[in-house]
Amino acid sequence: MLVASLLSRCERPTACRGHEPHQLPGTPLKREEPKNAGAAGAHHDGADFHAEDNSYLEKRTLRKGTAGWVLLAGLGVSYVISGDYAGWNNGLAEGGFGGLLIAAVVIAGMYLAMVLGMAEMSSALPAAGGGYTFARRAMGPWGGFATGTAILIEYSIAPAAIATFIGAYVESLNLFGITDGWWVYLAVYAIFIGIHLTGAGEALKAMFIITAIALVGLVVFAVSAVGLFDSSNLTDIAVDTSAVGSSSFLPFGLLGIWAAVPFAIWFFLAVEGVPLAAEEAREPEKNVPRGIIISMLILIVTGATVLFLATGALGADALSTSGNPLVEALGDSGAAKAVNYIGLAGLVASFFSIMYAYSRQTFALSRAGYLPKNLSVTNKRKAPTLALVVPGIIGFALSLTGEGAMLLNMAVFGAAVSYVLMMVSHIVLRKREPNMPRPYRTPGGIATTSFALVIAAVSVVATFLVDPVAALLTLVAFGVLMAYFGLYSRHHLVANSPDEEFAVLAQAEEELG
């Protein structure tokens, strides 16, 4: 009944009674636009805007109608599924089973609340900018760019972390005789950028198939691990008696719960990227909310499954340092070998899909002038070439560090900052624009997203607790990009880009009263 209640809200009509139907970006305004509301040469909200001609936008269009809710749900699961196969278990070393479990429950609640808020905003503002589009309308160009930058940091760094995990898997399987991971990093970046350049429809279908294989691997693991489960293994980490509140359940005390938060986030990191496919989806106002909610519900089930069964099968202490937790939990068995090979598909699925996400976020920010405009030019297959290649080169360079855990924490920092800003956007839009047409409405309204906001803020601080160097490095990168916006790109924004037109609509309606 809960699932039905959440999804039933996706069926609401696209306009509220007494209000005009939702106006999509890229189409002429139906009402006279107030003077200077985003017009060429205008200055407002601390930024300068100009209008580009039609040829500019024609070179920067995506292929529309390529995905329904099934592919979008698959995309959401694909973003995250590598987190079930590797990475999360390092949280056992920070908080023990109890600390990671409590952190995971709280973080799952945060993500569910956040997803419900994003479902509402994506139904009202369906554009390729995702979180940037929402924040741009709510908080102006500075808030929009800050949110888009945090998302871009997350999506550029996460594939680099996953590439190191893929390299470790390939080496452990002794595939192709490879003993040096950088060849693997280069290969996966080159191959999957190439696939993405063939177009969104082909890429999404390939991602869906790989994700389905990875889900089968989790089923094989679960069936095999049930017989090995021993509840005493959950609490076999030695207790730190000096820690406040320590016990066998919380071996590192109450602080361990907080320290485990970044690893709990790895169970769900990047699911919020589904709205980035809005411009390429069929009926985005309905299918994007449905896709992101269904994917989140699936991920809650898969995350809980691996947390309990893997820890119960091998033991929290041994699992806390494992680079291949599901396989080691099954020991030397045929099922372990099968999961080992399928686990590679899980890592590839997330790597492949997050590459899609970073390209669409880069595309949207570039098209609107926040980033260099050449990054948003699309090829004949309507794929943004440089938006795929440039962040890929940066990610490959980062993967050469081989520091998967550090890169993971850097990605989590960017993600948590973006979550704070997106939830603020939902609250602001609910308060300032209560009559905005919302085909889907968040259950609980701003109370739901306020909960997500608080937990996201705590998560930002938690990244400094686990790895202050990684968090500081990411903060510096964030600051550099914000300086670029303040000094240069805010003076060169494109008023008639689709994401900016959403903001123009809001300003027009406000000025017309």
Side-chain angles (χ1 to χ4, degrees), residues 6 9 76 79-80 103-127 129-155 258 261-262 264-265 267-276 278 288-289 292-293 295-296 299-300 357 361 411-434 436 438 440-463 474-475 478 499 502-503 506:
L6 294 176
R9 296 168 180 260
Y79 282 141
V80 186
V105 170
V106 173
I107 292 301
M110 178 200 78
Y111 268 94
L112 182 58
M114 180 180 71
V115 158
L116 294 174
M118 292 191 69
E120 175 178 301
M121 292 188 290
S122 65
S123 72
L125 305 168
Y132 140 64
T133 305
F134 312 149
R136 171 64 183 89
R137 176 128 174 186
M139 299 184 288
W142 281 92
F145 184 70
T147 306
T149 297
I151 294 170
L152 190 55
I153 287 173
E154 171 196 356
Y155 290 153
W258 195 7
V261 163
I265 287 176
F267 280 123
F268 309 104
L269 182 76
V271 67
E272 74 279 359
V274 173
L276 292 169
V288 172
I292 194 172
I293 291 170
S295 61
M296 183 62 203
L299 292 166
I300 289 174
Q361 188 66 85
V412 168
F413 176 86
V417 170
S418 74
Y419 301 163
V420 169
L421 294 171
M422 286 189 288
M423 294 305 94
V424 169
S425 300
H426 179 268
I427 295 167
V428 169
L429 289 173
R430 271 292 186 100
K431 290 289 189 179
R432 195 176 66 202
E433 300 187 53
M436 176 195 290
R438 292 170 168 88
Y440 177 89
R441 297 184 68 85
T442 304
I446 62 173
T448 299
T449 46
S450 294
F451 166 75
L453 170 61
V454 171
I455 303 304
V458 171
S459 300
V460 173
V461 179
T463 61
T474 316
L475 182 60
F478 181 80
D499 301 277
F502 274 130

Determine, step by step, whether Thr474 and Phe478 satisfy the side-chain contact (heavy atoms from CB on, under 4.5 Å) criterion, reporting the C-alpha distance in whole Å, the side-chain angles of both residues, the deciding distance to 0.1 Å, and the verdict. CA-CA 6 Å; Thr474 316; Phe478 181 80; 5.8 Å; no
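- The nearest pair of heavy atoms linking Gly143 to Ala135 is O-CB, 3.7 Å.
- Leu269 approaches Val80 most closely through the heavy-atom pair O-CG2, 3.4 Å.
- Between Lys431 and His426, every side-chain heavy-atom pair lies at or beyond the 4.5 Å cut-off.
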I'd like to know whether Leu125 forms a side-chain contact (heavy atoms from CB on, under 4.5 Å) with Phe134, so could you lay out the CA-CA distance, the side-chain angles of the two residues, the decisive distance to 0.1 Å, and finally the verdict. CA-CA 7 Å; Leu125 305 168; Phe134 312 149; 4.1 Å; yes
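- Atom CE of Met436 and atom CG of Leu429 lie 4.5 Å apart (nearest 0.5 Å).
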Apply the test side-chain contact (heavy atoms from CB on, under 4.5 Å) to residues Tyr111 and Glu272: give CA-CA distance (whole Å), side-chain angles for both, the deciding distance (0.1 Å), then the verdict. CA-CA 8 Å; Tyr111 268 94; Glu272 74 279 359; 3.9 Å; yes
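- When atom types are taken as modelled, the side chain of Thr448 and the backbone of Pro443 share a donor-acceptor pair closer than 3.5 angstrom.
- Val115 is not listed as a side-chain neighbour of Phe268, based on a closest heavy-atom distance of 4.5 Å or more.
- Residues Tyr132 and Gln361 have side chains that never bring a donor and an acceptor to within less than 3.5 angstrom of each other.
- Shown here for Gly131 and Thr147, the closest heavy-atom pair between the two residues is O-CG2, 3.6 Å.
- A distance of 5.0 Å separates CD1 of Ile265 from CE of Met110, quoted to the nearest 0.5 Å.
- Nearest heavy atoms, Val412 versus Pro262: CG2-O, 3.7 Å.
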Under 3.5 Å, which donor-acceptor pairs link side chains of residues 455-463 to any protein atom two or more places apart or in another chain?
| residue | atom | partner | partner atom | Å |
| --- | --- | --- | --- | --- |
| Ser459 | OG | Ile455 | O | 2.8 |
| Thr463 | OG1 | Val460 | O | 2.6 |

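- Ala270 and Tyr419 make their closest contact through N-OH, 4.0 Å (heavy atoms, listed as atom of the first residue, atom of the second, distance).
- Rounding to the nearest 0.5 Å places CE of Met422 at 5.5 Å from CE of Met114.
- Considering CZ of Arg430 and CZ of Arg438, their distance stands at 5.5 Å, rounded to 0.5 Å.
- Taking CG of Leu299 as the reference point, atom CG of Leu112 lies at 11.0 Å (rounded to 0.5 Å).
- Remark: side-chain polar atoms of Thr442 are paired, donor with acceptor, to backbone N or O of Leu116 under 3.5 angstrom.
- In this structure, the side chain to side chain contact (heavy atoms under 4.5 Å, CB included) partners of Ala264, at least two apart in sequence or on a different chain, are Leu100, Ala103, Ala104, Ile107.
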Hey, mind stepping through Leu421 and Val417 against side-chain contact (heavy atoms from CB on, under 4.5 Å) and telling me if it holds? CA-CA 7 Å; Leu421 294 171; Val417 170; 4.2 Å; yes
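- The line from CE of Met139 to CZ of Arg432 is 9.5 Å long, rounded to the nearest 0.5 Å.
- Side-chain contact between Tyr440 and Val288 is absent, with no heavy-atom pair separated by less than 4.5 Å.
- Across Ser418 and Ile151, no two heavy atoms sit closer than the pair CB-CG1, 3.5 Å.
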